[in-house]
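By convention here, the first residue in the shown sequence is residue 1. These figures come from a predicted structure and were not determined experimentally.
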Amino acid sequence: MLKRTETIIISLLLVAALIFSACGKDTELTAEPKGTDVVASIGDETITYSLYKAAFESYYQYMEMLGNTISSEQELNEYQDMILEYLLMDMLAIYNAEQDGFVLSEEKRAEAIAQAETELQDVYDAYMEYAESDYQEDPSKTVQEYFDEYISELSEYYVGEKLDFAGYSERYIDETIRSYVIEAYKESVCVSFDVSETDIVNWYAEINDSDRRAYSTNPEQFKFDQEYFEKYFGTSDEAYPVTYVPEGYSRIMDIVVYPSGTLSDEYKSKQSRMKAIYDEFSELAFEDALSGSSNNSELISSLIEEYRRLDQECRDMYDDYIRDARAKIDMAFEELENGADFADVMMRYSENDVVVGSETAAGCAAFQTKGQIISLEYECQLDWSDTVKEIFSMLAIGEYSRVFTDDDGSLHIIKYVSDIAPGDIPLDDVREAVTYFVKADSNEEKWDELMQVWLDDPNIVRNMPIVRYLGKDMISEN
């Protein structure tokens, strides 16, 4: 078997064989099937023993990590049936997509290929590293020969055939495309599934009750939950709408500019020396005060002179370090003083990519129009610094601050935008998000119902002797 296979994170449960002949026997098997033997089929779609075995062993390892084992033949049969059904559902989705004439878009196809190629590069890099390590230990084979052996064993385990990297890559890309077909077909089918107003109202009520209870004991969690929703709704299944607001929250807009580069080692050395001078001065001054003498006055005077010199040098170096950032944020402040809209200036000057966006991702629309969340009453996850909170506490709604330096050296101008009204967030204010999650739940339920219909298709051929062969030794081991 492969060395260190368990350490590679590879989504290889997508890998399935193409078309192979089925075993067709109804008697109990006495020898392990070939990797290309067919466990189940419908039309031209098949599930091979190699894929069934890979899924069987992979999920069982997960079960063992949770402390679960198989202790009877009945439990083994139930486990075998579960793995088979899991694989059948993917096969049936592909089969019915073909029956319906569904075709994956060129955009999604290109996305699938790009994902597969990225993952294949990871596979190549990992196994080539192992091959090079093996060659260092034993140069009787070339690095390429070691690598080819790894890929041959890998492909035989998952595909049922010994392939070189090119052949393995071709299969991997094909199966990644098939996985995209499954998701896209499922999405197209679920478009026709409707949700009722009753379902929407009930889902909102349940979440609202949960939010009320959660924030009554942990109000500081609101900031993280609400901002996570605003940043990731539509892209993360965990970005649920918040339906209740505890007291004590406001919103601010923030223009932030970061100095470029880093402070030099010379600057850090001078800062370190200044600290040492301070400590030495304190000790000498205390010694003279305690003794009532001025024995250390000359040395103290020398230390003060050195400290002042180093302090000025550090100030000059720091001014050089922040010169460009200071000039940029001063320009932003000047525009604000001349009557420019704060949000507009923020979008043009601020360097917070989460808010304004970047070349690869859009910024958070809620932060751009409503501002980010802040509270003086709670210490929250991903919170503002004490400096920002102190500046905020001195502002009134509608006011903005002067330029100030935060604890990390960044330069800021903040505006107090509004207070967030405590209490329930009306359903209509979050209807889009609530409907999204209700429909997602409904889609899963109705898709599962449709899948159960498909699983009863009389055209499905299940080779149960092969299904029952795997795992017989588990019962005796337990």
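Side-chain contact between Asp90 and Ile47: absent, with no pair of heavy atoms (C-beta onward) separated by less than 4.5 Å. A heavy-atom distance below 4.5 Å is not found between the side chains of Asp81 and Glu78. Looking at Phe437 and Tyr204, their side chains never come closer than 4.5 Å, going by heavy atoms from C-beta outward. Annotation: side chain of Asn463 is not in contact with side chain of Val38 (no heavy-atom distance under 4.5 Å). Between Phe102 and Asn96 there is no side-chain heavy-atom pair separated by less than 4.5 Å. By the 4.5 Å heavy-atom criterion applied to side chains, Tyr150 and Asp134 are counted as neighbours. Inter-residue side-chain proximity for Gln80 and Phe56 is flagged as met; some heavy-atom pair is nearer than 4.5 Å. A heavy-atom distance below 4.5 Å is found between the side chains of Phe404 and Val388.
Atoms CG and NZ, on Asp341 and Lys415 in that order, are 6.5 Å from each other to the nearest 0.5 Å. The OG atom of Ser188 sits 8.0 Å away from the CG atom of Asp100 when rounded to the nearest 0.5 Å. If you take OH on Tyr240 and OH on Tyr436, they are separated by 10.0 Å, rounding to the nearest 0.5 Å. Between atom OH of residue Tyr127 and atom CD of residue Glu149 there is a gap of 13.0 Å, rounded to the nearest 0.5 Å. The structure places CD1 of Ile42 at 7.5 Å from CD of Gln99, a figure rounded to the nearest 0.5 Å.
Between Trp447 and Tyr185, the ring planes lie perpendicular to each other; the angle is over 60°, past the 30° to 60° tilted range. Ring geometry, Tyr172 versus Tyr168: the interplanar angle falls from 30° to 60°, so the pair is classed tilted.
Looking at Tyr79, its side chain does come within 3.5 Å of a backbone N or O of Tyr60 through a donor-acceptor pair. A donor-acceptor pair is defined here as one N or O able to donate and one able to accept, closer than 3.5 Å; no such pair exists between the side chain of Trp384 and the backbone of Ser375. Side chain of Ser133 to backbone of Glu129: no donor-acceptor contact under 3.5 angstrom is found. Side chain of Glu351 to backbone of Tyr258: a donor-acceptor contact under 3.5 angstrom is found. Of the possible donor and acceptor atoms, none in the side chain of Lys186 sits under 3.5 Å from a partner among the backbone N and O of Asn443. Looking only at distances, a side-chain donor or acceptor of Lys446 sits under 3.5 Å from a matching main-chain atom of Asp194. With Tyr52 contributing its side chain and Val467 its backbone, the two residues share a donor-acceptor pair below 3.5 Å. Remark: side-chain polar atoms of Asp457 are paired, donor with acceptor, to backbone N or O of Asn459 under 3.5 angstrom. A donor-acceptor contact shorter than 3.5 Å links the side chain of Asp164 to the backbone of Gly167. A distance-only check finds a donor-acceptor pair linking the side chain of Ser401 to the backbone of Ile414 [under 3.5 Å].
Between Phe392 and Tyr416, the ring center distance clears the sub-6.0 Å criterion. Taking the six-membered ring where the residue is Trp, the centroids of Phe222 and Tyr244 are separated by 6.0 Å or more.
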Show your reasoning for whether side chain to side chain donor-acceptor pair (under 3.5 Å) applies to Asp448 and Gln452.
-> CA-CA 6 Å; Asp448 288 344; Gln452 292 305 312; over 6 Å; no
Passes side chain to side chain donor-acceptor pair (under 3.5 Å), Gln115 versus Glu119? Steps please.
-> CA-CA 6 Å; Gln115 176 185 320; Glu119 293 171 354; 3.1 Å; yes
Can you check salt bridge (charged side-chain N to carboxylate O under 4.0 Å, His left out) on Lys223 and Glu227, steps first, answer last?
-> CA-CA 6 Å; Lys223 178 182 185 295; Glu227 291 193 334; 3.1 Å; yes
I would like to know whether Lys108 and Glu183 meet side chain to side chain contact (heavy atoms under 4.5 Å, CB included); could you show each step before the answer?
-> CA-CA 10 Å; Lys108 283 293 184 181; Glu183 289 304 313; over 6 Å; no
Please test Gln121 against Asp125 for side chain to side chain donor-acceptor pair (under 3.5 Å), starting from the C-alpha separation and ending with a verdict.
-> CA-CA 6 Å; Gln121 186 62 54; Asp125 292 343; 2.8 Å; yes
Should Val123 and Leu154 be marked as a side chain to side chain contact (heavy atoms under 4.5 Å, CB included) after you check the CA-CA gap, both sets of side-chain angles, and the distance that decides it?
-> CA-CA 10 Å; Val123 174; Leu154 183 70; 4.2 Å; yes
Check the pair Tyr228, Gln381 against side chain to side chain donor-acceptor pair (under 3.5 Å), reporting the backbone distance first and the verdict last.
-> CA-CA 11 Å; Tyr228 189 88; Gln381 291 177 269; over 6 Å; no
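None of Leu87, Thr48, Thr46, Leu84 except one satisfies the side-chain contact (heavy atoms from CB on, under 4.5 Å) rule with Val39; the exception is Leu84.
Using modelled atom types, one finds no donor on one side chain facing an acceptor on the other under 3.5 Å when comparing Asn352 with Ser350. The closest side-chain donor-acceptor pair between Tyr146 and Glu137, if any, does not fall under 3.5 angstrom. Glu238 and Tyr232 form no side-chain donor-acceptor contact under 3.5 Å, judged by distance and modelled atom types alone. Side-chain contact, Glu230 with Gln226: a donor N or O sits under 3.5 Å from an acceptor N or O.
The pair Glu85-Arg462 fails the salt-bridge criterion, with no side-chain N (NZ, NE, NH1 or NH2) lying under 4.0 Å from an Asp/Glu carboxylate O. Here Arg212 pairs with Asp424 in a salt bridge; the nearest charged N to carboxylate O distance falls below 4.0 Å. Electrostatic pairing of Arg431 and Glu197 counts as a salt bridge here, judged by a charged N lying under 4.0 Å from a carboxylate O. Taking a cutoff of 4.0 Å between a charged side-chain nitrogen and a carboxylate oxygen, Arg171 and Glu161 qualify as a salt bridge.
Residues satisfying the salt bridge (charged side-chain N to carboxylate O under 4.0 Å, His left out) test with Asp209, not counting sequence neighbours, are Arg213. With sequence neighbours excluded, the residues satisfying salt bridge (charged side-chain N to carboxylate O under 4.0 Å, His left out) with Asp383 are Lys389.
The two residues Thr369 and Met253 have their closest heavy-atom pair at O-CE, 3.4 Å. Scanning all heavy atoms of the two residues, the minimum distance from Gln221 to Tyr249 falls at N-OH, 4.4 Å. Closest of all the heavy-atom pairs between Leu76 and Gly471 is CD2-O, 3.4 Å. Here the shortest heavy-atom pairing between Arg178 and Ile94 reads O-CD1, 3.5 Å. The shortest heavy-atom contact between Tyr59 and Met82 is CE2-CE, 3.5 Å. Summarising the geometry of Leu163 relative to Ile151, their closest heavy-atom pair is O-CG2, 3.7 Å, with the distance given to 0.1 Å.
Counting non-hydrogen atoms of other residues, nucleotides and ligands closer than 6.0 Å to CG of Asp237 gives a total of 12 or fewer.
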When the side chains of residues 357-368 are checked against the rest of the protein, which donor-acceptor pairs come out under 3.5 Å, sequence neighbours left out?
residue	atom	partner	partner atom	Å
Ser358	OG	Thr360	N	3.4
Ser358	OG	Thr360	OG1	3.3
Ser358	OG	Ala361	N	3.3
Gln368	NE2	Val355	O	2.8

